[in-house]
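Report on one structure; see the data block that follows.
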Amino acid sequence: MRLVMNEPVEGMDRPYARRWWALLVLCLSLLIIVMANTALTVAAPDMTQDLGLSSADLQWVIDGYTVPYAALMLLLGAIGDKYSRRGALILGLFVFGGGAVAGSLVDSSTGVIAARAVMGVGAALIMPATLSLLAATFPREERAKAITLWTATAGLAIAAGPLVAGALLEHHGWSSTFLINVPIAALAIVGALVLVPPSRAAHHHHIDHVGGLLSVVWIGSLVYMIIEGPHFGWGVKAVTAAVVAGAGLVAFVVWELRHPRPVVDVRRFAHRRFAGSNLAVALFFLAVFGAFYYLTQHLQFVLGYDALDTGMRMLPLAGAVFVGSALTGYLTPRIGMKITVTAGMVGGTAALALLTRVDAASSYGDLVPSLTILGLAIGLALSPCTDAIMGAFPEAELGVGGAVNDTSLELGGSLGIAILGSVLASSYSAHLSDATAGSKLPAGALSTAQDSVGAGYAVAQGIGDKARQLGEQAARAGHAGNTEKAAQLKAQADQLAHGAQRMADAVGSSFSDAVAHTSLIGAVVLGVGTVLVAFLLPRKGGVHPGEAPEQAAEEQPELTGAATR
């Protein structure tokens, strides 16, 4: 047996014998690029303290990964289709691993942001390659099952990121959360060479470089605007990015409509199955990433769990994703994609609605039903949508198909963190202002506390530290025989200690109320989206009402074209 797998999958006259082992490599590659984001939410407090990051620095440490990741996927997916999908995967793993090494060595915010951006470029190569290689390697009758496992891996990575980061932070610094990616990337590279057959489009014309560059411009500008505007205000940068994104999108659509071989045929979005599937993916990750953003903070700051405990308490989500994925593999062929996806989105809406009951007295047990239902919903809805999106592309465009699916995912996730994160911040700030009214808290301290829940607890801790210092001074004065001064200092210390406790209680209750309010907004958004997706997705075995029979006939070859190789 040859050490390196060199036989192209397109030249095989039967399904590749080791395709399930190849899927393991693809899922491992997917695991680390999703974990790279979710692990950082747990490592952020240590990183902030060690590097002295401002809130703006921390935001761009997180999102410096997202901008190149989302912006480059379409172009890099097309390049992978033309030259080598496995080559794109391996190159992406090298770039991702190199960025991870650099991130572990730097000692400044600029260095970490740059390293995260390099990792984002690597992820933009890896993500569409995993899906395109999956679709090329598996026969059509097995592809839905393989995509189900791929989706379950993404759900596992969302929960596993905090768990792995928490375990590392028990004994190591935040740089270990970067370094852990390196051996996994190296293992995936070896696995790709040994187990994953090379693949590229059998007949692929020249790449539409103009369309690809326009996609980079409008998607990159849109993601930048989504990050910059809600978090830092709608100043010149955010408005400029919005204008560039709008103009770039219009130019992209016009160019793609007129180009004979576009990087992506935008006419596909007129097909209801394709449009509905992309909308469902975007909305689901809007809800999941938004909820993940504030639930990890609630577990760490309000409920007081450390990094490892926080990661462990997200495991019900990961387990439920696997159960939901198993259910969708059974249900979708029997009741159809429309019902399965709609049921999943209804479940996601219900999970967010349950979180509206969170208050200052809520415990972890109150969050478990929402985490479990949300995991089940992810498993139910996402696999059929991804399968439908990939099935809409012919063999020559599988990398682009994977990129379209993953761009919807990333745009949804970015919107979730931006929109729900902005709602969370404004709601927390307003609730804290009301909760501390009449407490004689200095305006500067209140402003600092309103910045974030972590800053709020830091202010409370600062007041508590001052109370302890006065208590120590009172004790020394008492030992020196100055009872009057000791009594005065003790009274001040008691007053400050009481104020510190009130401040901590106010921060906790304000953030809990903000979680409930933000969950309500998220449930409304996902609920409205559920209705739209249910309207767009066609019924099983027939033409969707309002859709011409000719259009359905035209769509069917697109949905199955990838299987006729």
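Basis for what follows: all heavy atoms, side chains included, without hydrogens, waters or symmetry-related copies.
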Within the side chain of Asp46, is there an N or O that forms a donor-acceptor pair under 3.5 Å with the backbone of Leu169?
no
Might you work through the side-chain contact (heavy atoms from CB on, under 4.5 Å) test for Met225 and Leu222, ending with a clear yes or no?
CA-CA 5 Å; Met225 178 204 75; Leu222 177 62; 3.7 Å; yes
Whether Phe301 and Tyr457 hold their rings parallel, tilted or perpendicular, with breakpoints at 30° and 60°:
parallel
All pairs passing side chain to side chain donor-acceptor pair (under 3.5 Å) where residues 67-78 contributes a residue, at least two apart:
none
Go through Trp150 and Thr130 one step at a time and tell me if the side chain to side chain donor-acceptor pair (under 3.5 Å) criterion holds.
CA-CA 9 Å; Trp150 184 93; Thr130 61; 3.2 Å; yes
Side-chain (Thr177) to main-chain (Trp174) donor-acceptor, under 3.5 angstrom:
yes
Would you check if the side chain of Ser422 reaches a backbone N or O of Ile419 as a donor-acceptor pair within less than 3.5 Å?
no
Holding to salt bridge (charged side-chain N to carboxylate O under 4.0 Å, His left out), I want the full list of residues that pass it with Asp309, two or more places apart in sequence or in another chain.
Arg313
Note, Leu411 side chain near Leu286 side chain (heavy atom, < 4.5 Å):
no
For Tyr224 and Ile219, indicate whether the former's side chain and the latter's backbone hold a donor-acceptor pair under 3.5 Å.
no
So, does Asn181 use its side chain to make a donor-acceptor pair with the main chain of Ala100 at under 3.5 Å?
no
Pairs where residues 89-112 contributes a residue and the test side chain to side chain donor-acceptor pair (under 3.5 Å) is met, not counting sequence neighbours
none
Verdict with reasoning, Phe322 to Leu156, per side-chain contact (heavy atoms from CB on, under 4.5 Å)
CA-CA 8 Å; Phe322 275 94; Leu156 173 64; 3.9 Å; yes
Whether Arg116 engages the ring of Tyr65 as a cation-pi pair (distance to the six-membered ring centre under 6.0 angstrom, angle to the ring normal within 45°) should be assessed.
yes
In the structure I gave you, are the side-chain heavy atoms of Val323 and Thr372 within less than 4.5 Å of one another anywhere?
no
Taking the side chain as every heavy atom from C-beta outward, state whether Pro198 and Val9 have any atom pair closer than 4.5 Å.
no
pair Gln297-Val515: side-chain heavy atoms closer than 4.5 Å:
no
Can you confirm whether Val358 sits close enough to His298 that some side-chain heavy atom of one is under 4.5 Å from a side-chain heavy atom of the other?
yes
Atom of Phe284, atom of Ala381 and distance for their closest heavy-atom approach:
CE1-CB, 3.4 Å
By side-chain hydrogen bond (donor to acceptor under 3.5 Å, both in side chains), Asn278 pairs with (sequence neighbours left out) Ser408
Carboxylate-amine/guanidinium contact Glu7 Arg14, below 4.0 Å
no
Distance from Leu380 atom CG to Thr151 atom OG1, nearest 0.5 Å?
11.5 Å
Got a donor-acceptor contact below 3.5 angstrom from the Thr137 side chain to the Leu134 backbone?
no
Interatomic distance, Asp63 atom CG to Ile417 atom CD1 [nearest 0.5 angstrom]
6.5 Å
Look only at the side chain of Ser84 and the backbone of Gly80, and say whether a donor-acceptor pair between them is shorter than 3.5 Å.
no
Check whether Asp208 reaches the backbone of Pro262 with its side chain - one donor and one acceptor, N or O, closer than 3.5 Å.
no
Atom pair CD (Glu170) and OG (Ser176), whose distance is rounded to the nearest 0.5 Å:
11.0 Å
Would you mind checking if Glu397 and Arg268 are paired as a salt bridge, meaning a charged N to carboxylate O distance below 4.0 Å?
yes
Is the closest side-chain heavy-atom distance between Leu163 and Leu315 below 4.5 Å?
yes
Looking just at side-chain N and O atoms, do Ser452 and Tyr428 make a donor-acceptor pair shorter than 3.5 Å?
no
Within the 6.0 Å centroid threshold, strictly below: Phe274 and Phe393
yes
Any chance you could measure Leu24, atom CG, to Leu149, atom CG, to the nearest 0.5 Å?
10.0 Å
Distance (rounded to the nearest 0.5 Å) between Arg19 CZ and Leu26 CG
13.5 Å
Quick one: does any side-chain atom of Thr328 pair with a main-chain N or O of Gly324 as donor and acceptor, under 3.5 Å?
no
For side-chain contact (heavy atoms from CB on, under 4.5 Å), just list the numbers for Leu398 and Met390, CA-CA rounded to whole Å, side-chain angles, deciding distance to a tenth of an Å, and then say yes or no.
CA-CA 7 Å; Leu398 291 178; Met390 292 302 295; 4.3 Å; yes
With no hydrogens and no angle check, do the side chains of Arg85 and Ser199 hold a donor and an acceptor under 3.5 Å apart?
yes
Minimum side-chain heavy-atom gap Phe138-Tyr16 below 4.5 Å
no
Answer yes or no: is there a side-chain heavy-atom contact under 4.5 Å between Val112 and Met47?
yes
Hey, is Arg140 close enough to Asp387 for a salt bridge, meaning N to O under 4.0 Å?
yes
Apply side-chain contact (heavy atoms from CB on, under 4.5 Å) to residues Leu526 and Met345 and explain how you reach the verdict.
CA-CA 7 Å; Leu526 190 56; Met345 296 190 72; 3.8 Å; yes
For Cys385 against Ala280, the heavy-atom pair lying closest together:
SG-CB, 3.6 Å
Identify, with sequence neighbours excluded, every residue that meets ring-ring contact (aromatic ring centres under 6.0 Å, His included) alongside Phe292.
none
Throw together a table of side-chain donor-acceptor distances under 3.5 angstrom for residues 89-99, partners on residues two or more places apart or in other chains.
none

Assign the ring pair Phe285 / Phe289 to parallel, tilted or perpendicular, where the plane angle (0 to 90°) is split at 30° and 60°.
tilted
Which atom of Gly103 lies closest to which atom of Phe178, heavy atoms considered:
CA-CD2, 3.7 Å
Nearest 0.5 angstrom please: Ser383 OG to Ile147 CD1, how far?
8.0 Å
Is the backbone of Asp306 close enough, under 3.5 Å, to the side chain of Thr310 for a donor and an acceptor to pair up by distance?
yes
